[in-house]
Structure formats: structure tokens, C-alpha cells
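Remarks on the structure that follows.
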Amino acid sequence: MTVATHPLVARARLLADDLLAPHAERVDQAGVPVSHVEAVKRSGLLGVGAPAEYGGAAAPAAVARRTAEILAGACCSTWFVTTQHYTPVKLLAASGLPVRERLLRPLASGELLAGIAYAHVRAFPRVPVRAVPERGGWRFDGTVPWYTGWGLNDVMLLAGVTDAAEVVFAFAEAREQPGLRPSPPMRLAALTASRTVSLRLEGLWLPGKAVVLRTPQKEFAVVDRPRNTNASPAVFGVADAALALLDGVPEAEETARSLRTRLDETRERAYALWDHPVPHERIEERLALKTRSYDLMRAATTAAVVAGGGRSLDLGSRAQRLFREGMFLLVQGQTAEVRRAHLGHLGD
């Protein structure tokens, strides 16, 4: 079975063509509806890489990347809400703690959708959220600057850093509760539809059985680094969707052909590094391909806007939506290392 013929790729394409893409401009303005999330849950895509014995598909990484491209290209807001789910599933699958048996099956099967509240850990030695042992569990205090999918997620993976520089990951219900208060939804230039808020934590207590991982911050940083230095499948998905808008535009044929060739070559090289057996090696090459993918996405979405002319200024324009989604992807998951590499590349 190839990636192209995998059942989950077919389901992703069907979902994209029948539901996500036809409604993407409306969702962009009105917000990701519960019905979109329920459709993704039913599709089986939330368990793409999860263990089969827990109800997942245990599909290869290449299948997960292809489905991400398809969903992001169809409706980046829906993709962004649902892509939060995969890190919690991966952590649970690797964990030997009791929370695995409680949550892995409902997350792998799509019964529940998880969100993440841990990107702030990358700000270390600044500690936006502090974790303190208390009463057989953990108390969390501080502010989670960004949390996506509020009102759509069932559970969240929350992280805080202890005074001993240990990162504590634990699951909480994704709802307002004592010690946890969300901000109003953020108004963003792109992906406002993703229901992104900040979370104020004032003594949120979680029991010890909610913990999925405790690890030194230095070890977390090593494992986390490839997540941000690798090119994102969503970037390729949005670029592909933008280039599709050039089909049938005679004056854009050569531009589209050239960009597709370069995009495919960059994707192949970037994904080869995704599959490299040592994920924290060849970082400079990973960053170079990441910034190149940004260049090509930016060129593709710009070409779609130019080809659309004045119509592209309408908020209902697909080209304009993809252009703004591309802007979002330039900074999504950005670390100081990625920012330096990107700015350095832009100045060359």
C-alpha cells in the first residue's frame, strides 16, 4: 500500500472536498464549528499514528504528513484545531503511567479531542507557568499565552516548570474551572476561527494520576527541537492549494509549473529529514529547507492573489484567505532559533 492509496488519505481527501474546502471561507469568518470537529473525529484521522491496540491506525509518518497537507490546504483553521491532538496521543503512547490507560483509547479512537498548552515551556529560563507539588498532585500558576480550540477540545495537555527545572506534563479538562480562567477569544489577522485564547492559571490543582510525563527541561529541549526545525506539512498543503487556484489561468501556467517543481523537490528533501533516524541531527539543513518552504508558500499564495486581481481583496476570496493563512504559518510554532534562521535567510 502506498501513501496515495492509504484509506486515511482517501478519507482526508473526501473530508476536504466534501466539507472543509466548500465552507472554508465561511469558517474563516465565523469560526470552526463543532460539526467540523465531529466530522474529523468520525473520520479516524485523529488516530492516524496511534497504536492499533488502542483503536488507532498506526499509520506511517508519511501518511500523517499527507493527511495534514490535505486538511491544511482545505481549511487551515480546522487543521490547526485538530493538529493539537497528536502530541498528547504521542506522549500517552510512550508513557507507562496510569493516565495512559484512561485516555489513550478515547483519544486514539477520536472519541475525545485534545488540545495543548505547553509551547510556553520553550521560553525557558523564563517560566510563564510554574508547577509546584501539592497534596499528592501538582499546582499550576501563571499564564498560558496561546491555547487553541477552546470550546472544541475535550481535554488539554498542560505543562509547567518546577523550581528544579523539571517539566511536568499533565492532562486537565478543557473547560473553565477553579484555578483556570480563559480570556475572550483572540482577534487575529489569520485563523481567528481557531478559537484561540490565553489561559490564566491561579492554583489549578491536578492529581498525580493526571501526569503523563516528568522530564528535565534540558532533555525536553533536545526532544522538542526537531518539531520546530522541520518544515511543516501544513506549509506544503497551503502552497498546493494556492497553486491549484492558478490552474486554468493562461498567464500563470509557467509560474505554477516552476513553483510546483521547486515545491515538490523541497518537500521530498524535507520529508527525508523528517524520517532521518536521528531527529536532532542535520539541524542547519532542516532549517534551510524550512525557510525555503516558507519562500515557496509565500510565492504561491502571492501568485494566487495576483492572479485573482481585485477580487482577491474580498474577504470571501480563497486566494486572500490562503495568503493570510500562509502568514500565520510563518510564525506558528516559532522558536528563537527558527526566527533567527528565517530572518537571516530573508536578509541574504
Side-chain angles (χ1 to χ4, degrees), residues 1-16 20 37 39-74 76 78-97 99-116 118-119 148-149 153-157 159 169 171 212-213 215 220 223-237 267-268 270-280 286 332-333:
M1 184 187 302
T2 66
V3 170
T5 61
H6 195 283
L8 285 183
V9 173
R11 289 182 212 169
R13 177 57 65 195
L14 187 66
L15 185 65
L20 301 188
V37 171
V40 176
K41 285 180 173 181
R42 290 193 301 270
S43 72
L45 292 169
L46 293 181
V48 59
E53 61 269 30
Y54 284 86
V63 170
R65 291 193 294 260
R66 183 63 188 133
T67 59
E69 289 179 2
I70 293 169
L71 298 188
C76 200
T78 300
W79 164 79
F80 190 51
V81 168
T82 55
T83 198
Q84 315 294 312
H85 183 86
Y86 299 111
T87 297
V89 170
K90 187 175 181 179
L91 277 185
L92 282 167
S95 176
L97 296 178
V99 70
R100 169 187 170 122
E101 298 307 314
R102 179 167 62 89
L103 284 178
L104 183 52
R105 181 170 295 279
L107 291 178
S109 67
E111 178 185 344
L112 299 178
L113 177 68
I116 56 174
Y118 76 83
T148 293
N153 308 128
D154 300 296
V155 296
M156 72 169 75
L157 176 66
F169 290 87
F171 280 93
V212 65
L213 177 67
T215 184
F220 166 78
V223 173
D224 185 56
R225 196 181 185 196
R227 295 189 186 117
N228 304 293
T229 54
N230 281 324
S232 167
V235 169
F236 296 114
R267 175 171 18 218
E268 182 179 357
Y271 287 172
L273 286 179
W274 269 76
D275 296 331
H276 189 275
V278 185
H280 56 271
R286 295 173 194 272
Q332 184 252 329

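Along the sequence shown, residues are numbered consecutively beginning with 1. For clarity, every value in this text was computed on a predicted model and none was experimentally measured.
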Residues in salt bridge (Lys or Arg N to Asp or Glu O under 4.0 Å) with R286, at least two apart? none
Who pairs with F169 by ring pair (Phe, Tyr, Trp, His ring centres under 6.0 Å), at least two apart in sequence or on another chain? Y118, F220
Residue list, ring pair (Phe, Tyr, Trp, His ring centres under 6.0 Å) with F171, at least two apart or on another chain: none
Using the side chain to side chain donor-acceptor pair (under 3.5 Å) criterion, which residues pair with [X]? Sequence neighbours excluded.
X    : result
D224 : R122, R227, N228
T148 : T196
R100 : Y54
R13  : none

Under the criterion side-chain contact (heavy atoms from CB on, under 4.5 Å), I'd like the reasoning laid out for L46 against L107: C-alpha separation, chi angles, the key distance, then a yes or no. CA-CA 7 Å; L46 293 181; L107 291 178; over 6 Å; no
For [X] against [Y], the heavy-atom pair lying closest together:
X    : Y    : result
K41  : D154 : NZ-OD2, 3.1 Å
V3   : A62  : CG2-CB, 3.6 Å
L8   : A57  : CD1-CB, 3.6 Å
A270 : F236 : CB-CZ, 4.3 Å
L104 : P51  : CD2-CG, 4.3 Å
A12  : L71  : O-CD2, 4.2 Å

Is it true that atom CD of E53 has more than 12 heavy atoms of other residues, nucleotides or ligands lying nearer than 6.0 Å? yes
State, yes or no, whether a side-chain contact exists between L15 and L45 at a heavy-atom distance under 4.5 Å. yes
Got a sec, which pairs hit side-chain hydrogen bond (donor to acceptor under 3.5 Å, both in side chains) with one end in residues 80-95, sequence neighbours left out? none
Is there any side-chain hydrogen bond (donor to acceptor under 3.5 Å, both in side chains) pair reaching into residues 103-113, and which pairs are they, with sequence neighbours excluded? none
Verify side-chain contact (heavy atoms from CB on, under 4.5 Å) between V212 and L103, making sure each step is shown before the conclusion. CA-CA 10 Å; V212 65; L103 284 178; over 6 Å; no
So, using side-chain contact (heavy atoms from CB on, under 4.5 Å) as the criterion, who are the partners of [X] when residues are at least two apart?
X   : answer
A72 : W79, A234
A61 : R65, D275
A58 : A52

Using 0.5 Å steps for rounding, measure from the OG1 atom of T67 to the CZ atom of R11. 11.0 Å
What is the distance from atom CZ of R102 to atom CG of L92, rounded to the nearest 0.5 Å? 9.0 Å
Exam field: side chain N153 to backbone L113, donor-acceptor pair closer than 3.5 Å: no
